[in-house]
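Report on the structure given below.
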Protein chains: 2
Amino acid sequence: MRDGRATRQKIHQEALKQFVEKGVAETTVRDLAHAAGIAEGTLYRHYESKDSLVWDLFSSNYKVFAQQLTAIQKRHPNFPARLSATISEFCRFFDDDPMLFRFLMLTQHQALPRVENDDDNPVEVIQKMIVSAMKRGEIAKRSPGLAANLLLGLVLQPAVGLVYGRIKPPLSQYAETITQACLRVLKV
Amino acid sequence: MRDGRATRQKIHQEALKQFVEKGVAETTVRDLAHAAGIAEGTLYRHYESKDSLVWDLFSSNYKVFAQQLTAIQKRHPNFPARLSATISEFCRFFDDDPMLFRFLMLTQHQALPRVENDDDNPVEVIQKMIVSAMKRGEIAKRSPGLAANLLLGLVLQPAVGLVYGRIKPPLSQYAETITQACLRVLKV
DNA sequence: GCATTATAAGTGAACGCTCACTCACAACAA
DNA sequence: TTGTTGTGAGTGAGCGTTCACTTATAATGC
């Protein structure tokens, strides 16, 4: 039998690019097939539907990223080290695969309500990191939801700025600055 | 002649709600007409196309918001006062008309490339406020693009958190906290 | 080695359906 | 009457999806 893994990979790559640049609804299966150099029908050998392609692309990668963040938490003992490593990971992810990062963290808000398990959610991982730091007295106590989103804003918005050409790449060069900003905001 | 202004207002209101909750592409003209209590054809008495409705809704309101922010800059002499008033304005806007705020600042990224005049762009207004403060020595000098986006992240991401139910409304109650966070980040 | 068989991968014209948009007409106000 | 607003069945382009068919390759028996 023939090996379709290369085709699948090409579909992934082109789908991400088009979904991010044009939007999911604005990308037709015809567009996608043409960009990937395959026939329309071929896409349905690999995915049940356009929608399942979108969902698979989102959920699997979202889960993996959340698990990477979780692994970082376990690897570092205290809050400043965890924060620094987490932010570096965000920056590295953006620089390595900007389309995937944008798809997961900046554009696919519609998919978020379908994510069920909290452990597979990057936002949840960050909030848990903050709650843990508050319990240990490493940062000042206040609304964890607010603190998590302040922190998240300091990471995600620079990524947006980079997308719009308001900030020079790579994002990683600002990792240390962003980390310091987070620590100041959380009054460490 | 008959007065269509009430109809136009109803279209605005329902369109915003559906565009934000479902997405622009996922909202059909039929949906819209039904929600607004009018026939499909009536929508075309007021707008050339669905697309022109989206663009009109975005550009006119985007412009007005940018001008309100500009007015605030002129009203306050120094950076801390400007920042505080600007952030309060963001929060008030979100609390007053969450659908419009979300449409302009959180979901309609696709429309941004079409905005031409810099003066009618909220992001640009904030960046200019920062550049001005750097020149006066009110805050530490560094990349204005990065600084503007760090600040913006501290305002927009809490709004996102509120949308997802991770933060309790109203947003205005956090205005002071967010302002303080901005000042810390900018090392005032 | 060399046929034979099995099966997954790839194809693209065709299909049913939904969509944004149109238009002939009605209702209303000036 | 005259111009504006409202109507909703009608239209055709474009969408996601299907399916009968072809092609490539792995597995099997000789």
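All values reported here derive from a predicted model rather than from experimental measurement. Both backbone and side-chain heavy atoms feed into the values below; hydrogens, waters and symmetry mates do not. In what follows, chains carry the letters A, B, and so on, assigned in the order in which the sequence lines appear, proteins first and then strands, with residues in each chain numbered from 1.
- Ring-plane geometry between B/Phe93 and B/Phe65 is classed as tilted, the angle between the planes lying from 30 to 60 degrees on a 0 to 90 degree scale.
- One can place OH of A/Tyr47 at 17 Å from C1' of D/dG16, the figure rounded to the nearest angstrom.
- Side-chain atoms of A/Gln9 and A/Gln13 form no donor-acceptor pair, as typed in the model, at a separation below 3.5 Å.
- The distance from atom CG of B/Asp31 to atom C1' of C/dT18 is 11 Å, rounded to the nearest whole Å.
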Would you give me the side-chain donor-acceptor pairs under 3.5 Å for residues 54-61 of chain B, sequence neighbours excluded?
residue: B/Ser59; atom: OG; partner: B/Trp55; partner atom: O; Å: 2.9
residue: B/Ser60; atom: OG; partner: B/Asp56; partner atom: O; Å: 2.7
residue: B/Asn61; atom: ND2; partner: B/Leu57; partner atom: O; Å: 2.7

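- Atom-to-atom, CD1 of A/Ile38 to P of D/dT17 comes out at 14 Å; the value is rounded to the nearest Å.
- B/Thr27 comes within 4.0 angstrom of sugar-phosphate atoms only, judged by non-hydrogen atoms across all strands, and of no base.
- Side-chain N/O atoms of B/Glu21 and B/Thr27 include no donor and acceptor closer than 3.5 Å.
- Going from atom CD of B/Glu48 over to atom P of C/dA20 covers 16 Å, rounded to whole Å.
- Regarding B/Tyr44, its OH atom lies at a distance of 13 Å from the C1' atom of D/dT11, rounded to whole Å.
- Salt bridge annotation for A/Glu14-A/Lys17: absent, with no cationic side-chain nitrogen under 4.0 angstrom from a carboxylate oxygen.
- When distances are taken from the side chain of B/Ala39 to each of C/dC19, D/dG8, D/dG16, the shortest belongs to D/dG8.
- Heavy-atom nearest nucleotides on DNA chain C were determined for A/Gly37 and for A/Arg30, and the one closer to the 5' end corresponds to A/Gly37.
- Of the candidates D/dG16, C/dC19, D/dT17, D/dT17 carries the atom nearest the A/Glu40 side chain, counting heavy atoms from C-beta on.
- C/dA20 atom P lies 10 Å from atom CG of B/Leu43, rounded to whole Å.
- Between the P atom of C/dT11 and the CG atom of A/Leu32 lies a distance of 14 Å, rounded to the nearest Å.
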Scan nucleotides 4-9 of chain C against the protein and return all N/O pairs shorter than 3.5 Å with their distances rounded to 0.1 Å.
residue: C/dA9; atom: N3; partner: A/Arg2; partner atom: NH1; Å: 3.2

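- Between the side chain of B/Asp95 and the backbone N or O of B/Pro170, no donor-acceptor pair lies under 3.5 Å.
- Put simply, CD1 on B/Ile11 is 11 Å from C1' on D/dT5, counting in whole angstrom units.
- Between A/Glu138 and A/Ser132, the side chains place no donor N or O within less than 3.5 Å of an acceptor N or O (distance only, hydrogens not considered).
- As judged by a 4.0 angstrom heavy-atom cut-off over every strand, B/Val29 is placed among residues touching the sugar-phosphate backbone only.
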